[in-house]
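Here is the structure we will look at.
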Amino acid sequence: DIIDEMNSFDEIFNMSNIKAEKLLNEYIPLLLNLSKEKRTSEIAKALLKLQRGLTGDKHLAGAGYMQDNAMLGAYLLYYWPVSFLQILTICNDAGDRLEELYKKLSEEKRPFRILDLGCGPGAAACSVLSFLSSFAGDGKISAEVSLYDSSEKALKLAQKLVKNQPHKKEIKVSASVCNLESGEFFNSIEGQKFDIVVMSHSLNELWKTAGNKVQRRIGFLEKLMSYLADCGLLIINEPSVLDTSRALLEVRDGLVKDGLHIAAPCCSEGMCPALTAGPNHTCHCENMWKPVEPVAGIARMAKLDRESVKMTCFVFEKEGRVVRNLEDEGSKSAASISGRIVSDGMLNKSGRIRFLLCDGKSRVSISAKDKEPHAREEGFFDLKRYTEVEIVNPEKRGDKENISWGIGAETSVKILRKPLEL
């Protein structure tokens, strides 16, 4: 039995003071109670099948796997917590926008209107609600949540989780079984406006075999944006695997070309440099994570590594306000370089640790000699993906065709924004 194989909930809750983990742990008892399959061994077997079917040949994507009790248990006790933390990370990155939205609705004295499309068992909606509760003095939130999914079983679970989420003041939930590729969905929301629309691991399931899938997804999201209220946000979260991630980057560029605006994580609204960097390049956030139980135990039994939370994501808004205004010269400015770290640290043949930094226009290399004292003091070797930094007085390296930068004696590294710590 799962509960026999894990520590008491009190011990789990005391494992960490990190807020993200605390918020997740509030849902673990609910997830355990909702899992029909109680045998860890069966859940681990189902998890392995599910993992291969979602990230391998992807034959399970959109295939109604949540109708199977064992696979649904694997989703609830493994993928649900991961999805919850992914959305929490995204919300944190767009936290200034969400705080502004919270203040606006508080002044209007009305609840949040949230639309979760392809919701599955409701991880995204629960995560958004938990994050919004951090702005409330009493930690309670009022919301009207609309859930859409093709699985009736998943919808029922989503309703229970959203209704019983621990930060509710007043939560109204509606659920609809719906095929998002059909016109019936937009007919069902006609005349409505939403403050937050979220699609987590569901956009890639739409028109997945169509030759024009990117164009159809762009059209779908553009129409969806028309249902956003003033200051409303559209949150898109997708797996970080190469083809799925690059497909979302293509969607991103199409939406930007058509006039939509990015609230996070991009530093500018130009075309994505990852797409032009080469077919093996992508852009994703990755946060290191020591999983809580039962995630850790199930992963061990399935012999799957779970050391981090990864995703490719974007937050869109109607109004054009870039997250952080960077210098027009961007990476060409010798005085200062600002942007996001978009790679892990890489050791090159000359013994230098190199990171890629995206300033919204291009990806540039920034490096330092491995273990160099000044670079270590500046925290250069500790940089993580999606950390937003400013490198002041970098050393120019490379040539005119391939400009790169180094950490010299006069260089300083300023952290402008960190990803959410898990």
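The shown structure was predicted, so the numbers you read here are calculated from the model rather than taken from an experiment. Heavy-atom basis, side chains included; hydrogens, waters and symmetry copies ignored.
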Would you call [X] and [Y] a salt bridge, taking side-chain N to carboxylate O under 4.0 Å as the test?
| X | Y | answer |
| --- | --- | --- |
| Lys22 | Glu26 | yes |
| Lys156 | Asp149 | no |
| Glu42 | Lys45 | yes |
| Arg340 | Asp93 | yes |

[X]: side chain to side chain contact (heavy atoms under 4.5 Å, CB included) partners, not counting sequence neighbours:
| X | result |
| --- | --- |
| Lys160 | Leu34, Asn164 |
| Ser146 | Leu115, Tyr148, Ser174, Phe194 |
| Asn402 | Asp399 |
| Ala368 | Ala375, Phe380, Phe381, Ile407 |

With Tyr227 via ring-ring contact (aromatic ring centres under 6.0 Å, His included) - residues at least two apart: Phe186
Sequence-distant partners of Tyr27, ring-ring contact (aromatic ring centres under 6.0 Å, His included), two or more places apart: Trp80, Phe84
Could you give the distance from [atom1] ([X]) to [atom2] ([Y]), rounded to the nearest 0.5 Å?
| X | Y | atom1 | atom2 | value |
| --- | --- | --- | --- | --- |
| Arg306 | Arg300 | CZ | CZ | 14.5 Å |
| Phe314 | Met199 | CZ | CE | 15.0 Å |
| Leu383 | Ile353 | CG | CD1 | 11.5 Å |
| Arg354 | Met346 | CZ | CE | 4.0 Å |
| Leu356 | Arg385 | CG | CZ | 8.5 Å |
| Thr387 | Lys418 | OG1 | NZ | 7.5 Å |

Please check if atom [atom1] in [X] has more than 12 non-hydrogen atoms from other residues, nucleotides or ligands closer than 6.0 Å.
| X | atom1 | result |
| --- | --- | --- |
| Lys104 | NZ | yes |
| Lys193 | NZ | yes |
| Lys257 | NZ | no |

Taking all heavy atoms of [X] and all of [Y], pick out the closest pair and write down the distance.
| X | Y | value |
| --- | --- | --- |
| Lys140 | Pro166 | NZ-O, 3.3 Å |
| Gly122 | Ala158 | N-CB, 3.6 Å |
| Leu47 | Ile298 | CD2-CG2, 3.5 Å |
| Glu269 | Val256 | O-CG1, 3.0 Å |
| Ala274 | His281 | O-CB, 3.4 Å |

Between Thr312 and Ser245: side-chain donor-acceptor atoms closer than 3.5 Å: yes
His284 and Glu238 side chains, donor-acceptor separation under 3.5 Å: no
Residue of the set Arg246, Arg217, Arg216 for which side-chain contact (heavy atoms from CB on, under 4.5 Å) holds with Val251: Arg217
Whether Phe135 and Tyr102 hold their rings parallel, tilted or perpendicular, with breakpoints at 30° and 60°: tilted
Glu181 side chain to Trp207 backbone, donor-acceptor under 3.5 Å: yes
